[in-house]
Structure formats: C-alpha cells, structure tokens
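Have a look at the structure below, then the notes.
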Amino acid sequence: MTIDDIGFDPDELRDRYRRERDKRLRTDGANQYLDMSGDLAHFAEDDPYVAPGFTRDPITDECDVAIIGGGFSGILAGARLLEQGITDFRIVEAGGDFGGTWYWNRYPGAQCDTDAYCYLPLLEELGYMPKEKYAYVDEIFDYSRRVGEHFRLYDKTIFQTRVRRVWWDDDLQRWRVATNRGDDLRPRFVIMAMGTTTRPKLPGIPGIEEFQGHSFHTSRWDYDYTGGDTNGGMTGLADKRVAVIGTGATAIQVVPRVAEYAQHLYVFQRTPSTVGLRRNAPTDEKWFRSLQPGWQKERRDNFAAWSDGKRPEQDLVDDSWTDIFRAISSPKGADRPTTREERDRVVELSDFAKMEELRRRIDDTVEDRATAEALKPWYRVMCKRPTFNDEYLPAFNRPNVTLVDVGAAHGVERITPHGVVANGVEYEVDLIVYASGFQITSDFRLRLGVEIDGRDGLSLYDAWGKGQQTLHGFMTRGFPNWCYIGVSQNAFSLNMTSMFDEQAKHIAYIIGETVRRNASTVEPSQEAQDAWVDVIRGLQTTGSSFLADCTPGYYNNEGDRTESQFLGAYTPGLLRFTRLMEEWRSTGRMEGLELSLDE
Ligand code: NDP
C-alpha cells in the first residue's frame, strides 16, 4: 500500500502525534489539579439543586448493609440486595435525590453518549421506552427516580448526607459510618457505590480564588445566574462574557448551548477532543414494541462484545462508538493478521484513517481555517475519551465564539480578578465555567474523599498504597464485609451501568450467602487476593505501552507512564469477566473468601 492509496503518511502522523504529546507533558502530572478543600470546598460541596438550610436530627442505628451512594450503582446494589432477600439496608446519598452523576451534572445539553437502550438499566423490568437513542439528563435523572420508586428505595435512603468516615469496629463486629449530619450508622456490611465522576477537580491555575466575577464547575451549574435550564433559555447570559475552560466530553455538550445565549464565549482548549457524529433520533415506537424479551441483555452484550474487540456478526447499536471499535479492532476471517506485529500495524493504520476522517469533519464544518486547524486532535482515537456531538463544531462559526488554544502553553496561565490570562493575553469575562473534569483515575483518597479504616485501624489508602489489592476488584483483606463497586480490578465497560449491574449482582450474592451461612464476616484470603492481583498485573503490558504514547489526560494519569485507570482492569473485557464471576458463583464454594462463623 502506498501513501497515495491510503491518503496519509503514517510516519508523518506518528511523528506529529509524538510532538503533540511531548509539548503537553508536564512534570507535575496529576498534581496539577487542585483538591477542592479549604477555600475551594464550595466548588464541590455546594448543592445548587436543593433549597438551602436543610437540617435534620442525627441518626444512630444498626442495619445489615449501608450503601454509600445513590447513583445508578447504589440503586442497582439495592435492587440486587432485595433479590437476595436482604431488605434491611440504607442508602446514604450526598445529593437531594437519586441520580448520582445525573443529579449533579445538569449543565445545559448534558446527555449520555451511550445508546439509551443499553445505558438505562432494567428497561424491560420497568417497561420503559427511552424517548431518544441518546437520552438527555432530564430523562436519565427522572428514570433513576423511577427505578428508586420501583424498588421502594426512597424509604431506605437518607439524602443530603455526605459520608465522611467509615471504620471497622472490631468490638461490635460492624462498620461505623460517620456523616456530615452527625450520624452514627452501624451496618454489618458496607457497599461503596460512589461512581466514577464523584469528585470534581479544578485546574491548579494561579488566582482562581481572586476572580471577582462568577464561577462554578460544570457539575454544579448555577441556573440562578445563567437563567434557563438544561434545555436552554439562559437569558441571564445575554450581556455576559463567558469563559469555558476545558474541551472534554462535558465541554463539548456545554459549548453550543452557552454559545446560543452568551454575549461572547471564549473556549479555552488545551487538547482538542475527537468529535464524532451524534445522529440522535427519537425512538421508533414500532421497532421498540417489536423487541422480544431478553432484548436488552442481548443489546448490552453485543455492545460489550464490540468494545471488547470481538467484532460479532451483528452491530445492534450501530453508532459512532461501534464505528470506533470497528476501526481499532483486529479484522477477522480471511483478513485476519497472522502475527502480532501485523495486527498492530493493521490496527494502527485503521486508527490513523479514523482520525483522518474526524479531522476532515472539522475542515468540512468550521469555516475559519486557523480555528479548524486548532480544533484538530492529533493522537490515536482511544488516547482520550471520544466525544460525539453535531452542534459543537458549528458553534465556532458564530461571531460570538472564540477558540483560545492554550495547548503549547500547558493550559490557562492565570486567573485575574477580571478574567483569564492565556498565551499572555487577558480575556475579561463575567463568568468562568470550569469544565475541568473529575478525580477519575487519581489517587483513591482524592477519588472517594472518604476516610476508610479496616481492621486494626489500617487505612484503605495505605493498604492500596502500592496499587489496589482486591479479590476480583470487590473486596480487600483486612476490610471484612466491605465491598466496592466502580472502576476497579475487574472489567471496565464504557457502558457503565452494565458494569455496575454485574458488580452489584456479584456483591449482593456474596452478602446474601454470608448471611444465609450465618457467618459474621467475609473477606478474601491473602492467597486468593495475591493471586488475583497477579492476574491483573499480568494483563497490563499492552495497554501500558499504548497509553504511554498518548497526549496526557486522565486515561494515562496525565502522562505518568506508571499508572492509569485501565492499568488495573481485567482487560479481556466485561463479557469474559461476567462469565468468570457467574462460574464462580455457580460452584457455591465462595472460593478465595474466608467466612467467620458466628459462635
Ligand atoms: P475531562 O477530564 O475529560 O476534561 C477536562 C478538560 O479540562 C480537558 O479538556 C482538559 O484539557 C481541560 N483542562 C484541564 N486543566 C486545564 C488548564 N489548566 N487549562 C486549560 N484546560 C485545562 O472532564 P469532562 O468533565 O469533560 O469529562 C469527564 C468524564 O465524564 C468523561 O471523560 C466521561 O467519562 C464522563 N462524561 C460522560 C458523558 C456521557 O455521555 N456519559 C458526558 C460527559 C462526561 P486536557 O485534555 O489537555 O487535559
């Protein structure tokens, strides 16, 4: 194949990708972000969606299980516990309702990038038809409330309550859970279900505290200031100059909506995102009603098979995600490469071609040549979380929108009392919107923001000091009856709710069995835990070299080559992992777990 055949020069692209990565690498890596404590705590702890001044009396009581978090992972854990006959549990939720990430992230245009027929869990059980292929936040938030009502979880939940500390009380043989409301909960089991985008982060730009205008993080949108709601109507911005800092999956959705209303919008971009086609459409009711029982599992499994690189015969979801998976997975059948080198070469070329297509889309949409050039991403497609939107790129054709590219300068330089300094220029603004993301792959203490001490006062963060130590990603030795749902040493899935639900089922089974066997505690044996950690470490080599060549971001721990979210996952994928766990449960042996029996 010649360069003329494929339309690009692979050597040139490789070189360009390397240069774009190198110019963004920083010595402070993940430490460039601020922990939102002290003066900045309000950015993370304020809840703009509830009336101020809520108080209640502290609660002291015992229950079988405390589920920490009332997002989809928490409510799925509740639903699966009920299936196991465990009814005495409490959900503790920081927000004023269920919804989790969809409770907090009500910014304008917020939408799930995963097909709603896959993403919204339990659709068949609830008999619910999503309105569109990609659901907006209002619908998802309402749906999570509907799931809460269906399983009667409202009665079991305490809202507007932040867990501060969780510790094992050896005398009581129970966990103790302390909250910001002075509660002292004493459950036998704890399920951590805090989600993956729990704690917002701010970039460590000097001067943030000095800004005299208005500012907030995207996950705490202040509609009192902007006017309107998630669907638009932000008339409060008509005379406002607005800065959006960041161009990740959130900003891509925010920018076109703010552009519609702001007097002027400055978009501060450090690394461009890929912006694939959205192609949203209302649900075809006839098609939906024709689906046969079991359809949702089939669709979810099909999506998982594509994302695991399996290339099944059918593509039930058929969207820009599966298009990417097709581009970056090894061909099957007669075209199947015979050696690993050949496979890597074929996949790399196809990845280059996909990225060329995405860059052409920018040229075809954005009128100003310099802006179009600046918006082009130069890295392999899964280096950063891909985004999908049909309004973002056209927003840059509006006269009231300016792209400020700060990639070469390592980001925005400074915040002044009146605006944002980038590339040596001060942009005066009235509002700064930080679309700067979350503690997704950082140190666990930052991700969770809860102190967790196991037996003999051992902190979880010390136990995991040299990397997570778990059996199957769910439980850790020294932390009896403590279970973790989230991105862990198990299979990662882009369809988060599938992943959470499989985890919830497994954890509910373990708790159910422990109770049925009259055992007081359950925890992994040291041998089983070590063996699982070895399995996980053994799986990491390929992902590690791929991510090392990427521009920095949370996928590769901001360019720190030693750590990443996916370094630690069960890489054969969700379907293989689910099968493994089903087999594990089917033996009934609780292999690798130690149960201590009640006297
Ligand atoms: P990200 O972490 O993806 O993006 C943060 C942005 O802030 C990046 O563009 C980053 O640039 C930029 N930034 C950070 N520091 C600076 C600085 N000093 N100067 C200028 N820019 C800076 O956060 P998001 O909130 O966009 O997305 C987080 C995750 O949330 C997504 O990856 C996705 O998993 C999830 N999400 C899911 C959605 C869904 O559909 N289900 C929708 C929206 C979000 P750089 O890239 O250079 O670091």
Side-chain angles (χ1 to χ4, degrees), residues 20-21 23-26 28-34 71-72 100-102 104-107 109-116 118-120 134-137 140 195-208 217-219 243-255 266-274 276 278 280 319-321 377 379 382-389 392 403-415 420-423 432-442 487 492-497 550-559 565:
E20 296 285 340
R21 178 202 63 192
K23 82 177 181 197
R24 289 179 174 81
L25 284 173
R26 344 177 1 143
D28 51 0
N31 293 328
Q32 67 184 281
Y33 289 98
L34 298 175
F72 275 127
T101 199
W102 302 105
W104 296 107
N105 287 281
R106 298 189 210 182
Y107 57 81
Q111 185 184 41
C112 185
D113 286 337
T114 306
D115 164 287
C118 282
Y119 182 77
L120 295 177
Y134 301 96
Y136 282 97
V137 60
I140 308 174
T196 55
T197 51
T198 315
R199 303 197 72 223
K201 65 184 186 195
L202 286 181
I205 305 170
I208 286 186
H217 186 271
T218 44
S219 64
V244 170
I245 297 184
T247 52
T250 298
I252 299 299
Q253 298 178 338
V254 164
V255 162
Y266 297 98
V267 180
F268 292 87
Q269 168 193 271
R270 191 166 64 177
T271 314
S273 283
T274 59
R278 163 87 307 161
N280 201 8
D319 71 352
S320 294
W321 270 124
Y379 45 77
M382 285 308 290
C383 275
K384 278 190 167 311
R385 159 69 152 73
T387 79
F388 313 95
N389 197 288
Y392 177 74
L403 179 73
V404 185
D405 185 36
V406 294
H410 283 179
V412 164
E413 267 163 58
R414 197 155 33 92
I415 305 292
V420 177
V421 179
N423 305 326
I432 301 177
V433 176
Y434 292 100
S436 46
F438 302 86
Q439 306 281 7
I440 298 179
T441 52
S442 26
V487 174
F492 175 78
S493 170
L494 286 158
N495 185 17
M496 292 271 168
T497 55
C550 290
T551 47
Y554 77 83
Y555 272 21
N556 65 359
N557 199 30
E558 305 301 333
Q565 165 175 347

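Fair warning: this is a prediction, and the values are worked out from it, not measured in the lab. Every number for a ligand or one of its atoms is a count from 1 in the order of the listing.
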Quick one: which ligand 1 atoms are inside 4.0 Å of a heavy atom on [X]?
X    : result
S436 : 5 (C), 7 (O)
I245 : 20 (C), 21 (N)
K384 : 45 (P), 46 (O)

Polar-atom distance check: [X] versus ligand 1, any N or O pair below 3.5 Å?
X    : answer
Q111 : yes
V412 : yes
T218 : no
Y107 : no
Q253 : no
A249 : yes
E558 : no

At what distance is the nearest protein heavy atom to [atom], and which residue and atom is it?
atom                    : result
atom 27 (O) of ligand 1 : T250 OG1, 3.7 Å
atom 5 (C) of ligand 1  : A435 O, 3.3 Å
atom 47 (O) of ligand 1 : T271 OG1, 2.5 Å
atom 1 (P) of ligand 1  : G437 CA, 4.1 Å
atom 30 (O) of ligand 1 : T197 CG2, 3.8 Å
atom 11 (O) of ligand 1 : R270 NE, 3.7 Å
atom 9 (O) of ligand 1  : T247 N, 2.9 Å

Restricting to non-hydrogen atoms, name the atom on [X] and the atom on [Y] that form the minimum distance, rounded to 0.1 Å.
X    : Y    : value
V412 : V406 : N-CG2, 3.9 Å
A435 : V244 : CB-CG1, 4.1 Å
R24  : T551 : CD-CG2, 4.3 Å

Below 4.0 Å from any atom of ligand 1, is there a heavy atom belonging to [X]?
X    : value
G553 : no
M496 : no
Y33  : yes
Y555 : no

Considering [options] one by one, which has a heavy atom nearer to [atom] than any of the others?
atom                    : options                : answer
atom 40 (O) of ligand 1 : L202, N495, D113       : D113
atom 39 (C) of ligand 1 : Q439, R385, R24, H410  : R385
atom 4 (O) of ligand 1  : G559, G248, G109, G411 : G248
atom 34 (O) of ligand 1 : Y554, Y134, F388       : Y554
atom 18 (N) of ligand 1 : A409, G246, P203, P386 : P203

Pair D113 + R278: basic N to acidic O under 4.0 Å: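 So D113 pairs with R278 through a salt bridge.
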Check whether the side chains of Y107 and Q253 place a donor and an acceptor atom closer than 3.5 Å, and report yes or no.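 Yes, because at least one side-chain N or O of Y107 sits under 3.5 Å from a partner of the opposite role on Q253.
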Do S273 and T387 have side-chain N/O donor and acceptor atoms under 3.5 Å apart?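 There is no such pair (donor and acceptor under 3.5 Å, judged by atom type) between the side chains of S273 and T387.
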Hey, would you say the F72 and W102 ring centroids sit under 6.0 Å apart?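 For F72 and W102, the ring centres are not under 6.0 Å apart.
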Check the surroundings of atom CZ in R414: do more than 12 heavy atoms from other residues, nucleotides or ligands lie under 6.0 Å from it?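 No, the 6.0 Å shell around CZ holds no more than 12 heavy atoms from other groups.
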Between OG1 on residue T196 and CZ on residue F492, distance to nearest 0.5 Å: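 That separation rounds to 7.5 Å.
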